[in-house]
Amino acid sequence: DITDETVGTTIFNVPTGAVGEVQLNRSTQDVSGEVTSGGQVLETTRAGTNKFHGNAFYNFQDHRAGFAEFNGIDAPFQRNQYGGYIGGPIWKDKLFFFGGGERIQQKEDDVASGANPIFSAIEQQYPFTPAPFHDTYSTARLDYSAPHDIHIFARATYSVNSDDSTFGLGPYQIYTNRDNVPALVGGVD
């Protein structure tokens, strides 16, 4: 459960490369969703197997593709998203590993608008405010098949992101936010 019951959101992000299965439940769900009333998304993370497997990816986006226009102004935007995962056996039929990470590096400028009309000349001279965003996510998992069909696992994750933006404040009032979210979980089936 990665739910923050105080705010009603998730505690940390789960990147797509680590997701094994997804299940969407609307309104009535099983006992695993005791803190939700409207629905839930259940995700399982990948694990190692007796064969090595993995993936690597790179995704590039740029404002010159024509998707960053706001109020007729083409705001600078560029995103690099990359990562990779690998899993496999440590001890055949007994001990398995899975791990990897992802990174988002985003260079973006927010459009400086909404200030007092007295400052319109400043807005015309400085139409953008920098709003960089970085997000790094890593995960590692160990699975052990013990005697008598007992399955033991441990998973560690670390997510860190930082964002500079106006967050709806005045166009030149920059707010900096940085979140570090480590997590360690284990279990026995």
Side-chain angles (χ1 to χ4, degrees), residues 1-59 61 79-91 93-108 131-165 167 175-189:
D1 182 9
I2 58 170
T3 307
D4 181 345
E5 288 84 14
T6 305
V7 183
T9 185
T10 57
I11 297 171
F12 60 88
N13 298 324
V14 179
T16 56
V19 173
E21 295 180 14
V22 176
Q23 178 183 348
L24 177 63
N25 291 335
R26 299 176 7 186
S27 74
T28 348
Q29 56 268 349
D30 61 25
V31 295
S32 67
E34 75 276 358
V35 295
T36 62
S37 61
Q40 67 184 172
V41 176
L42 300 174
E43 295 180 348
T44 61
T45 53
R46 294 182 188 263
T49 63
N50 274 326
K51 293 184 179 181
F52 288 99
H53 61 282
N55 64 53
F57 67 91
Y58 178 77
N59 181 25
Q61 299 170 1
R79 176 182 276 189
N80 294 281
Q81 186 173 359
Y82 51 90
Y85 294 87
I86 187 166
I90 295 174
W91 179 11
D93 295 325
K94 290 290 181 191
L95 185 61
F96 310 96
F97 77 95
F98 180 82
E102 297 184 18
R103 173 106 168 132
I104 296 173
Q105 291 177 268
Q106 181 172 296
K107 296 177 184 175
E108 175 183 16
F133 173 75
H134 302 280
D135 192 8
T136 303
Y137 182 91
S138 57
T139 186
R141 178 175 170 150
L142 286 174
D143 289 88
Y144 178 66
S145 296
H148 309 291
D149 292 326
I150 296 174
H151 174 241
I152 302 168
F153 78 94
R155 183 181 67 227
T157 60
Y158 181 67
S159 176
V160 58
N161 64 55
S162 63
D163 189 15
D164 295 344
S165 184
F167 287 100
Y175 174 80
T176 299
N177 185 57
R178 181 179 172 96
D179 295 315
N180 294 294
V181 184
L184 182 60
V185 65
V188 177
D189 294 329

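What you see is a predicted model; the values in this text were computed from it and never measured. Side chains are part of it too, since the values below use all heavy atoms of this structure and drop only hydrogens, waters and symmetry mates. Along the sequence shown, the residues carry numbers beginning at 1.
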- Any cation-pi pair here, Arg141 with Phe153, using under 6.0 Å and within 45°? yes
- CZ/Arg46 to CD/Glu21 distance, rounded to the nearest 0.5 angstrom? 10.0 Å
- Query: Just wondering, do His134 and Asn161 contact through their side chains at under 4.5 Å, heavy atoms?
  - Reply: no
- Item | His53: partners by side-chain contact (heavy atoms from CB on, under 4.5 Å), with sequence neighbours left out | Thr49, Phe98
- Who pairs with Ala146 by side-chain contact (heavy atoms from CB on, under 4.5 Å), at least two apart in sequence or on another chain? Tyr144, Ile150, Ile152
- Task: Locate the shortest heavy-atom distance separating Ser145 from Phe96; write the atom from each residue and the value.
- Result: OG-CE1, 4.0 Å
- Query: Where do Ser159 and Asp135 land on the side-chain contact (heavy atoms from CB on, under 4.5 Å) test, with the steps shown first?
  - Reply: CA-CA 7 Å; Ser159 176; Asp135 192 8; 3.9 Å; yes
- With sequence neighbours left out, write down each residue that passes side-chain contact (heavy atoms from CB on, under 4.5 Å) with Phe97, or none if nothing qualifies. Phe52, Ile86, Ile90, Leu142
- Item | Residues that Gln105 engages under side chain to side chain donor-acceptor pair (under 3.5 Å), provided they are two or more places apart | Tyr82
- Note on the structure: side chain to side chain donor-acceptor pair (under 3.5 Å) filter on Asn50, not counting sequence neighbours, yields Asp93
- What pair of heavy atoms forms the shortest contact from His151 to Asp143, and how long is it? NE2-OD2, 2.8 Å
- Task: Report the distance from atom OH of Tyr158 to atom OG1 of Thr139, rounding to the nearest 0.5 Å.
- Result: 14.0 Å
- Would the number of heavy atoms belonging to other residues, nucleotides or ligands and lying under 6.0 Å from CG of Asp149 be above 12? no
- Item | For Asn80, all residues meeting side chain to side chain donor-acceptor pair (under 3.5 Å), sequence neighbours excluded | Tyr58
- Nearest atoms (heavy-atom pairs only) where Gly84 meets Phe57: N-CE2, 4.3 Å
- Query: Hey, mind stepping through Glu102 and Tyr85 against side-chain contact (heavy atoms from CB on, under 4.5 Å) and telling me if it holds?
  - Reply: CA-CA 9 Å; Glu102 297 184 18; Tyr85 294 87; 3.1 Å; yes
